[in-house]
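Sequence positions, counted from 1, serve as the residue numbers for this chain. All of these numbers come straight from a predicted model, not from anything done at the bench.
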Amino acid sequence: MGEAKLISFSSDDQLAAAVASEWLSAIKAAQHAGRKHLVALSGGRITRKLFAAVVARSKPESQAFAGVEFFWADERCVPPGDVESNFRLADENLFRLAGINSSAVHRIRGELPPAEAAAQATAELERAAGGASGTMPVLDLVLLGMGEDGHVASLFPGDVGTAQNREAVFLAVANSPKPPPHRVSLGHGAIAAAREVWVLASGRGKESALRESLSPAGRTPLAPVIKNRPATKIFTDIPGPWTEAI
């Protein structure tokens, strides 16, 4: 089983501030090394707070996001201007405010049929990552939230197709238990291949899901993310006996 490193905070504001600072440091390290930084974003309440913290901390530096290319851990199958769109969340709360060039943004085209959108997202990530043909493209960082059922990206409990698929980079998700029903999600194989995965587990009502995810016998979608990687960072404001759980 992989290692889960839990970092606890007393509030979601503290969590967002810490992740923002660590992410900006990772970007700066990539810049100093002359490397690109490929990141996959998620949606959700805590992500909105993260974007605000990132914008506040990056404003003094005009080149704070030089070399960063933005992808998504998942997207709802809606147009980019829809209130449900994860792209819209990032566009309004990060890209426009931080002056990020649209050429660095590789949105999942939620207005297309899910399978077509997944295929296009896969091709874009493969081109950006520059790996050998037939190999899993490697993201530098995947930012994930966690739902009350332990879902991450759009990988939901009970979806055997997504749980068993380790080959797809992005895959189409049908009949999501949370609306809208059709989505596109980064697959377990691509998440496992990423250099870093940070889970922002925030909010009341999620203690049992986090506890199960940390268990060797855990059956939540987050559980295999942890098991299939050498290490996963979990930033959380959820109170619980996590030292015992690990």
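Put simply, CD1 on I108 and SG on C77 are 8.5 Å apart, with the number rounded to the nearest 0.5 Å.
Side-chain contact, R45 with S202: a donor N or O sits under 3.5 Å from an acceptor N or O. For the residue pair S10 and Q14, a side-chain donor N or O sits within less than 3.5 Å of a side-chain acceptor on the partner. Side-chain atoms of N101 and S103 include a donor-acceptor pair closer than 3.5 Å. For S154 and D74, the side-chain atoms include at least one donor-acceptor pair closer than 3.5 Å. Judged purely by distance below 3.5 Å, without hydrogens or angles, the side chains of T220 and S213 pair a donor atom with an acceptor atom.
We find that E69 and K36 are joined by a salt bridge, their nearest charged nitrogen and carboxylate oxygen being less than 4.0 Å apart. Using a 4.0 Å cut-off between charged nitrogen and carboxylate oxygen, R96 and E92 do not count as a salt-bridge pair. Ion pairing between a basic and an acidic side chain is recognised when a charged N comes within 4.0 Å of a carboxylate O; R109 and E124 show such pairing. A salt bridge links E84 to R76: one of the charged nitrogens lies within less than 4.0 Å of a carboxylate oxygen. Looking at E3 and R229, no side-chain N of the basic residue comes within less than 4.0 Å of a carboxylate O on the acidic one, giving no salt bridge.
Put simply, the residue from F170, F71, F87 that forms a ring pair (Phe, Tyr, Trp, His ring centres under 6.0 Å) with H106 is F71.
For S21 (side chain) and A18 (main-chain N/O), no donor-acceptor pair under 3.5 Å exists by modelled atom type. Judged purely by atom type and a 3.5 angstrom limit, S176 has no side-chain atom pairing as donor or acceptor with the backbone of P181.
At most 12 heavy atoms of other shown residues, nucleotides or ligands fall within 6.0 angstrom of atom NZ in K28. Residue R48 places its CZ atom among 12 or fewer non-hydrogen atoms of other residues, nucleotides or ligands, all under 6.0 Å distant.
Using the six-membered ring where Trp is involved, W23 and F70 have ring planes that are perpendicular, over 60° apart on the 30 and 60° scheme.
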Salt bridge (Lys or Arg N to Asp or Glu O under 4.0 Å) assessment of D82 paired with R88 = CA-CA 7 Å; D82 194 283; R88 176 176 171 175; over 6 Å; no

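Between W198 and L144 the shortest side-chain heavy-atom distance does not fall below 4.5 Å. Using a 4.5 Å heavy-atom threshold, the side chains of F235 and V199 count as separate.
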